[in-house]
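In this text the structure is predicted, and so the values were computed from the model without any measurement.
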Amino acid sequence: MKTVEEIRQTLRDIRVYYKRPKTFEEGAIFFGKPHPIVATAKQYTELVENAPKRLREVYESLYVQGNAQKVMAIDLKVTEKYIQILNKRLIVYLQGVVG
């Protein structure tokens, strides 16, 4: 089982990947194989598809779109603290389902 910190680091890496997917694709052409984060991002996205709706929204907004928690809170008209709570729930969910 991955630790909470390992899940957080992976989510940070996924966020970087989604900010610059072409960089990772071009690197795959240059090095002849895809960067490991490409497969990890796909795996996490598939795992989140089975998560509760709010957790899917958190993953999409914070890690795929790259929004800050404050931006997401404004978009949903909730407090930033609530987004932090949802993010922690997402991490716990992923910890339970990641192999």
Side-chain angles (χ1 to χ4, degrees):
M1 178 184 266
K2 288 191 172 196
T3 66
V4 168
E5 190 51 45
E6 289 172 325
I7 299 288
R8 284 187 176 151
Q9 182 58 54
T10 301
L11 289 171
R12 284 190 288 266
D13 293 344
I14 289 170
R15 186 177 185 153
V16 170
Y17 165 72
Y18 280 115
K19 279 186 178 180
R20 297 184 179 97
K22 286 194 175 208
T23 302
F24 289 91
E25 292 168 12
E26 291 167 0
I29 294 167
F30 181 75
F31 292 108
K33 62 180 180 176
H35 191 282
I37 195 60
V38 176
T40 302
K42 182 179 178 184
Q43 175 195 15
Y44 273 54
T45 300
E46 289 172 359
L47 292 171
V48 168
E49 287 176 3
N50 297 318
K53 181 182 177 189
R54 278 292 193 198
L55 300 186
R56 291 192 314 265
E57 290 174 346
V58 169
Y59 179 80
E60 174 73 23
S61 182
L62 299 182
Y63 301 105
V64 176
Q65 295 175 3
N67 292 324
Q69 290 181 0
K70 186 173 189 171
V71 171
M72 186 177 181
I74 291 168
D75 287 346
L76 295 179
K77 297 176 177 57
V78 297
T79 65
E80 202 172 336
K81 182 70 176 168
Y82 181 61
I83 300 302
Q84 291 171 0
I85 291 167
L86 289 175
N87 192 41
K88 286 180 184 179
R89 287 182 186 167
L90 173 65
I91 291 167
V92 169
Y93 171 81
L94 287 169
Q95 189 180 27
V97 297
V98 170

Residues in side-chain contact (heavy atoms from CB on, under 4.5 Å) with [X], at least two apart?
{"X": "T10", "result": "K2, I14, T40, Y44"}
{"X": "N67", "result": "S61, Q65, V71"}
{"X": "K53", "result": "R56, E57"}
{"X": "K88", "result": "R8"}

Checklist entry - For the atom pair CG (L86) and CZ (R54), what is the distance rounded to the nearest 0.5 Å? => result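 Result: 7.0 Å between the selected atoms.
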Checklist entry - Say you draw a straight line from CD of E6 to CD1 of I91; how long is it, rounded to the nearest 0.5 Å? => result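 Going from the CD atom of E6 to the CD1 atom of I91 covers 12.5 Å.
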In terms of hydrophobic clustering (I, L, V, M, F, W, Y; side-chain heavy atoms under 4.5 Å; direct or indirect links), are [X] and [Y] co-clustered?
{"X": "V92", "Y": "I7", "value": "no"}
{"X": "I74", "Y": "Y82", "value": "no"}
{"X": "V78", "Y": "V58", "value": "yes"}
{"X": "I85", "Y": "L90", "value": "no"}

Item to check | salt bridge (Lys or Arg N to Asp or Glu O under 4.0 Å) pairs, two or more places apart, involving residues 9-20 | outcome: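 Applying salt bridge (Lys or Arg N to Asp or Glu O under 4.0 Å) to every pair that reaches into residues 9-20, excluding sequence neighbours, yields E5-R12.
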Looking only at heavy atoms, what is the nearest atom pair of [X] and [Y], with distance?
{"X": "V98", "Y": "Q43", "answer": "CG1-NE2, 4.5 Å"}
{"X": "R89", "Y": "L55", "answer": "CB-CD2, 3.8 Å"}
{"X": "V38", "Y": "Y17", "answer": "CG2-CE1, 3.7 Å"}

Item to check | Y63 vs T45, side chain to side chain contact (heavy atoms under 4.5 Å, CB included): CA-CA, chis, key distance, verdict | outcome: CA-CA 10 Å; Y63 301 105; T45 300; over 6 Å; no
Item to check | Contacts of Y18 that satisfy ring pair (Phe, Tyr, Trp, His ring centres under 6.0 Å) - sequence neighbours left out | outcome: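 Applying ring pair (Phe, Tyr, Trp, His ring centres under 6.0 Å) to Y18 gives none.
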Item to check | L76 side chain reached by I83 side chain, heavy atoms, under 4.5 Å | outcome: yes
Item to check | Y93 side chain to L47 backbone, donor-acceptor under 3.5 Å | outcome: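 Yes: the side chain of Y93 pairs with the backbone of L47.
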Item to check | Full working for side chain to side chain contact (heavy atoms under 4.5 Å, CB included) between V48 and V97 | outcome: CA-CA 9 Å; V48 168; V97 297; over 6 Å; no
